[in-house]
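Excluded from the calculations below are hydrogen atoms, water molecules and symmetry mates; all remaining heavy atoms, backbone and side chain alike, are included. Quick caveat: nothing in here was measured; it's all calculated off a predicted structure. Naming convention: chains lettered A, B, ... in sequence-line order (proteins, then strands); numbering from 1 in each chain.
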Amino acid sequence: MFKLITNNAELCNSVKKADYINGSSLDVLISVRGLVHSGSIILTHPLCGNLRPSHQPFRSVIIDELSGSADIDSLTLIENAVNIYRSSELIMPYELDDYSLADYAYIDSELMRESLERYRLIKNNVKNENLCTAPSLSLLVKEV
Amino acid sequence: MCTIVPISQTVGANRIVPTIAIPHPLGNPSKTPEEEKILRRSLVERALKALQTEITEQTVFTE
Amino acid sequence: MAFRIVHYINQFYAGIGGEEKADYKPEIRTGVVGPGMAFKGALKGEAEIVATVICGDSYFASNMDEAASAIIDMIREYKPDAFIAGPAFNAGRYGTACGAMCEAVSKEFGIPVISGMYPENPGVEMYRKHAWIVETPDSAAGMRKAVPAMAKLVLKLLKGEAVGRPSDEGYIERGIRKNMFYEKLAAERCVDMFVSKLKGETFETEYKMPVFDRVDPQPAVKDMKNAVIALVTSGGICPKGNPDHIEASSASKFGEYDITGVNDLTSETYCTAHGGYDATYADQDADRVLPVDVLRDLEKEGVIGKLHNKFYTTVGNGTSVANAKRFGAEIVNRLVNDGVTAVILTST
Amino acid sequence: MKLELQKLNVKSLKFGDKTGFSDGVLAINKAELIALISEDPMLGKNIDADIAMPGESVRIMPVKDVIEPRWKIEGKGQVFPGMLSDVETVGEGKTLVLSGCAVLTAGKLVRFQEGIIDMSGPGADYTPYSKTCNVVLILEPSDPNMDKHDYETACRMAGLKAAAYLAKSCSGLQADSTEVYEMPKIRDAMNSYPELPKVGYIYMLQTQGLLHDTYLYGVDVKRILPTLISPLEVMDGAIVSGNCVSACDKNSTYSHLNNPVISDMLKRHGKDFNFVACIVTNENVTLADKRRSSSYATKLAAMLGLDGVVITEEGFGNPDADLIMNCRKSEQLGIKTALLTDEYAGQDGASQSLADSCPEGDACVTAGNANEVIKLPAMKKVIGYQEEANVIAGGWQGSLSDDGSITVELQAITGATSELGYTKLGAYTL
């Protein structure tokens, strides 16, 4: 069962199945880690985005909720991510002014959007808009 | 005795016994305490067997 | 005006005494003591040792935090520009004390801190990120080599000169990344390296990816019925309340606990200190991580000779390889001294 | 395939009546340039253009992209295919290059994702774009609440349009220098230099999601499977940056056009190795994509029988996972690798540099630690919005001092740790 784990409330509300984490980006990662330990598989990289932890108050990870023994790839990724977030200064959502908060939430949502669509997690399943400027869609290599 | 065998291999363990899960390597909370202890005993016996086996390279003991 | 340096030495180099005086409490003396004399010459009047701190190795090891903060207070009034500790050569406790003092002084005063050690001194692994540690021979016979090298480096640091690579300057690699402008574009350096690798020539990578140690497999246990089996875990199992305050992550220590007469770990008596996994299951029944109950049964049945009466525990979560190595070495020492035949390690 | 780059060496810029080039000076009709950019209804009324020359006391920020003016004067297609022009394949014929000149797009986009370019002082040493004569476009959206994707597209297109316009206005002139590049057919390449190892280049592109994207012939690269491309197509603008990510290691369109790994490999082609192929691949966020793309890119390398590949990364963090997968899978296929990345080792340099690693990555060049802190003294003139220093990646609240100086991580400086290796910066271990 695909599921989003996030501390980004706005994103959480637009998703069909999500666990909202009322806490920091690190809290999200730790929560994901617990799920991985009990068998869930990570579907999106827990460090997506190109910002340091001190610039990333929101984190969102899509998992496939399963039980069983831990998946090594998922485990390596989440442990690495937790270590990186633990050794950095964190930025808490409540420390930010509204404008910055909106920017950060926006980037987080944008980074997840494509993946949420792929795993059919967006509510009311808005059709993905054409992200290319000029060429026809037939050029795209579609993935199922 | 570890759950994630590849990690033990990477860090250089020589006799490796795979276990149940990260938060409970030698147990399984979904079983009754009696069943759980039988499971644990079989894993520990496997570890003892591993200790009594001559090896020349990293070896995973699955039975 | 010459730069001001405070020097740290142990009871032995202060001429106070050997192991019998190792519990000597910290004191500070104005001017040079012991090896400080040798530094005096090597510093060529550009810097001066204004005070010397003396502390017994055992005292420091058993009172690390108090000793360090007391020494910091002593140093303060001497307004040092730099801090030299040792050289400690291959003396483990002395090296550890030198490293710990360097770290504390650097944090408190933000001045250059420098020590000298033999590469295998445990203080190296623990403190190389926090101090400049000049590589020395393994015994005090290397004093004549160590002092000029340390003096040269400390002067460089005091004058704010750029410090070169470890091999050029004689210090032990600290593991700190520093930027520099090369002569060539990074792209060109990459293609150069690529060509060297293709041709099978030697080349030096600019960033070393971590690699792990390998150990030769040990011979099998021949006589299990008379073997002493010990339990060691990185799963953080400890007596309830975590009496030694083992950290939930990035552990700086391990615990040693007596299980004489303990046949089963229960939720009333044991728990986990580990912060890297959901502790619910281990807290309910710590045998799920450390199988004391089963080994007691096997002991009774005579399958094994004996379950060792102590187990060792630490937290593997985010713990540095350096610390893990140190714990391993120390635990093995104790197990060998206690006549343990084999160990079952459990990890979470 | 043969491409001739006809270069006009731009040594100076001025605003004038007619856009054109003579005696090393590029004159720009500002009104015409602004009118061209303003055609886009997505862009607002207060669009401006400015010029900045090397050595001047000028700071430009926040900068989104840097583009070298190019225009195709002979051959199929036109520069920036699928963006400005039709999707026709490029890389053949003659292309005019305004060498030494760059178009910079600046303005507030997603606020913390853009960079600083100082034209003089210590910051100038870290960015390659302090050495170019820069035409700066200061952009704003026509509607302050405009969707950010639309605004990103508008900014991207404005930069490309301006670059093409400037080069087009100079066509018909005698070039100062001409460079000729030729790539044989793969069949012929395979048979040449039998004594030399066959090598390729795995060209990783940032594709984490909209605003972290790169386009190939106008196609969003996150949707492609890794594919082959000729270096000559890259020189004609087949790859365009649509990135709003950390400024230090996003590959600007300029650095794609002038990819120094490609030019260095072409230089050594036939001497040290036989440079057969360039493979573009992506850096997506889902793990399935990462596994698929790394398997596919390295499979292409293996199908071509390559003995070695140079792999360059774009960005940091999760792209490190792609880099490591590409490296490990190549080596497992018997293909030797050299990696080009940068580091995020913390301000003190003591943290782990990459988010992933593998022992096979034993030949790794880095473009430096992006977290190292630098103080940029005040500049006499600021083009753009200096207060953004407090929010851009690499800055923090208080980065901008009252005296106009800025204390930031190198991360905030455009191109400072270019993972195409376009700077001389590197790092070593103390």
Inspect the surroundings of [atom1] in [X] and state if more than 12 heavy atoms from other residues, nucleotides or ligands are less than 6.0 Å away.
X        : atom1 : value
C/Glu204 : CD    : no
C/Lys208 : NZ    : no
C/Lys129 : NZ    : yes
C/Asn337 : CG    : yes
B/Lys49  : NZ    : no

How many angstroms lie between atom [atom1] of [X] and atom [atom2] of [Y], to the nearest 0.5 angstrom?
X        : Y        : atom1 : atom2 : answer
B/Thr19  : C/Arg288 : OG1   : CZ    : 14.0 Å
C/Asp293 : B/Arg41  : CG    : CZ    : 10.5 Å
B/Leu26  : C/Thr348 : CG    : OG1   : 10.5 Å
B/Thr3   : C/Tyr277 : OG1   : OH    : 10.5 Å

TODO: Of all the heavy-atom pairs spanning C/Ser347 and B/Cys2, show the shortest one and how long it is.
DONE: OG-CB, 3.1 Å
TODO: For C/Arg214 and B/Gln9, work out which heavy atoms get closest and say how close.
DONE: NH2-O, 3.4 Å
Task: Heavy-atom pairs under 4.5 Å with chain B, option from C/Leu290, C/Leu298, C/Asp278 with the top count - done: C/Leu298
Task: Most chain B-contacting option - heavy-atom pairs closer than 4.5 Å, from C/Val303, C/Leu295, C/Asp287 - done: C/Asp287
Task: Candidate list C/Asp285, C/Asp264, C/Asp297, test salt bridge (charged side-chain N to carboxylate O under 4.0 Å, His left out), partner B/Lys37, passing option - done: C/Asp297
[X] versus chain C, the contacting section by heavy-atom distance below 4.5 Å:
X       : answer
B/Thr53 : backbone
B/Thr59 : neither
B/Glu45 : side chain

4.5 Å side-chain heavy-atom contact, [X] and [Y]:
X        : Y        : result
B/Glu57  : C/Pro217 : no
C/Ile344 : B/Leu51  : yes
B/Leu48  : C/Val221 : no

TODO: Among B/Ser8, B/Pro23, B/Ala21, single out the residue with the greatest number of heavy-atom pairs under 4.5 Å to chain C.
DONE: B/Pro23
Task: Option in B/Arg40, B/Glu54, B/His24 with maximal non-hydrogen atom pairs under 4.5 Å from chain C - done: B/Arg40
Open item on the list: If we ignore hydrogens and angles and just use 3.5 Å, is the side chain of B/Arg15 paired with the main-chain N or O of C/Gln218 as donor and acceptor?
Closed with: yes
TODO: Measure distances from C/Val343 to the heavy atoms of chain B and classify the residue's part below 4.5 Å as side chain, backbone, both or neither.
DONE: backbone
